[in-house]
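Working notes, beginning with the structure itself.
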Amino acid sequence: MMMSKLQKKPMFRHAIVRRPGIDCAQGLTTAGLGAPDYHELCKQHDAYVTILDSLGLEIHALEALSGYPDAYFVEDVAIITPKVAVITNPGAPARQGEEDGLEDLLSDFRETVRIRPPGTVEGGDVLMVGNHFFVGLSDRTNEEGARQLGAILESHGHTWRPVPVGAGLHLKSSINYAGGNRLIVTQDFAGREEIAGYEQIILNDGEAYAANTLLVNGTLIMPAGYPRTRARLSELDLDVIEIDVSEVQKMDGGLTCMSLRF
Ligand code: CIR
C-alpha cells in the first residue's frame with residue numbers, strides 16, 4: 001500500500017470495474033477526438049485498476065459486456081452509499097441493460113434498490129460528499145429519477161439536493177470532491193448557489209477536463225496533461241497521481257466513470 005501525506009481511515013474498500021470491449025469505438029460520444037485505440041484503452045484501463053489496487057481496494061473485475069460498448073463506464077449503473085446500493089436505469093437508451101446482473105454482486109454488500117422507469121439516473125450525475133449527495137439533472141438523469149433516488153437516499157439517512165447540470169455530459173464532468181470541505185469545479189460551475197459553503201478549486205482556462213478527478217482514500221487520481229491543476233492539487237494534504245486517459249476521453253469518459261467505489 002502507498003504511503004499517504006496524511007494517514008487516513010480508508011473511505012473505500014472495494015472497486016467494481018469492467019474491462020472495455022473490442023467494440024469500444026461504437027460507444028456514445030460527442031468528444032470529436034477520433035476513435036479510441038482498443039489496445040491503448042485496455043492499457044490505460046489496466047493502469048487505472050492497478051492504481052485502485054495499490055490504494056488498498058479489493059478489485060471486482062467484470063468481463064466486457066457484449067453489445068454494450070459503454071459498459072466499462074460502470075459508474076453509471078449504480079450508486080453505492082455506505083447504507084444502500086441503488087441500481088440505476090440509465091438515461092441513454094443504448095446503455096439500458098448494462099445494469100442487469102449487477103444486483104447479484106451488489107447484494108453481497110448492501111441492500112439493493114432499483115430506479116424504475118420513467119425515472120432515469122446515471123451514476124455520473126451523482127456526487128457523494130460525506131453524507132450529502134448532489135444529484136445532477138441532465139440529459140441522462142431526469143427529475144423523476146432524481147426524485148426516486150432522493151427518496152431512497154433520505155430513507156437511509158442521507159441528504160441530497162438536485163443540481164441542473166447545464167454544460168457537460170454528467171454532473172461529475174464539472175465537479176468532484178477533493179476532501180475536507182473542498183470541491184474541484186469548472187469555471188462554468190463556480191459560484192453556483194448549490195455549492196455555496198464549499199471551498200472551490202476553480203479550474204484554469206483549458207483545464208476543465210481535470211474536473212473529473214477522483215478521490216480515493218486520501219489520493220487524488222487526476223488525468224495527465226493538466227499542469228496547472230496538478231500544481232494546485234499538489235498543495236493540498238492529499239497525494240496526487242496522474243494517469244493518461246486519452247482513449248477514455250475520446251468516448252466522453254474519465255476517471256470517475258470507470259469504477260464503482262464503496
Ligand atoms: C456515454 O456517453 O454514456 C459514455 N460514452 C461515457 C460515459 C461516461 N460516464 C461518466 O462520466 N460517468
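Whatever order the structure lists ligands and atoms in, that order sets their numbers, starting from 1. Every heavy atom of this structure was used, including side-chain atoms; hydrogens, water molecules and symmetry mates were not. For this chain, numbers begin at 1 and follow the sequence in order.
In this structure, D76 contributes its side chain and E122 its backbone to no donor-acceptor pair below 3.5 Å.
The atoms of ligand 1 that sit less than 4.0 Å from any heavy atom of M251 are 4 (C), 5 (N), 6 (C). When each atom of ligand 1 is checked for a heavy atom of L28 under 4.0 Å away, the hits are 2 (O), 4 (C), 5 (N).
Transitive grouping of hydrophobic side chains (ILVMFWY, heavy atoms separated by less than 4.5 Å) brings Y72 and I79 into a common cluster.
For the residue pair S259 / R261, a side-chain donor-acceptor distance below 3.5 Å is found, with atom types taken as modelled. A donor-acceptor pair shorter than 3.5 Å cannot be found between the side chains of T81 and H156.
Of all protein heavy atoms, the one closest to atom 9 (N) of ligand 1 is D76 OD2, 2.9 Å. Nearest to atom 11 (O) of ligand 1 among the protein's heavy atoms is C257 SG, 2.8 Å.
Judged by the shortest distance from any of its heavy atoms, D252 lies inside the 4.0 Å radius around the atoms of ligand 1. Judged by the shortest distance from any of its heavy atoms, D70 lies inside the 4.0 Å radius around the atoms of ligand 1.
Between R114 and E103, at least one side-chain nitrogen of the basic residue sits less than 4.0 Å from a carboxylate oxygen of the acidic one, meeting the salt-bridge criterion. In this structure, K172 pairs ionically with E75, as a charged nitrogen and a carboxylate oxygen lie closer than 4.0 Å.
Distances between N or O atoms of R95 and those of ligand 1 include at least one value under 3.5 Å. When only interatomic distances are considered, the shortest N/O to N/O separation between E75 and ligand 1 falls below 3.5 Å.
Ring planes of F262 and F109: perpendicular class, angle over 60° (limits at 30 and 60°).
For atom 3 (O) of ligand 1, the choice among H170, K172, R140 with the nearest heavy atom turns out to be R140.
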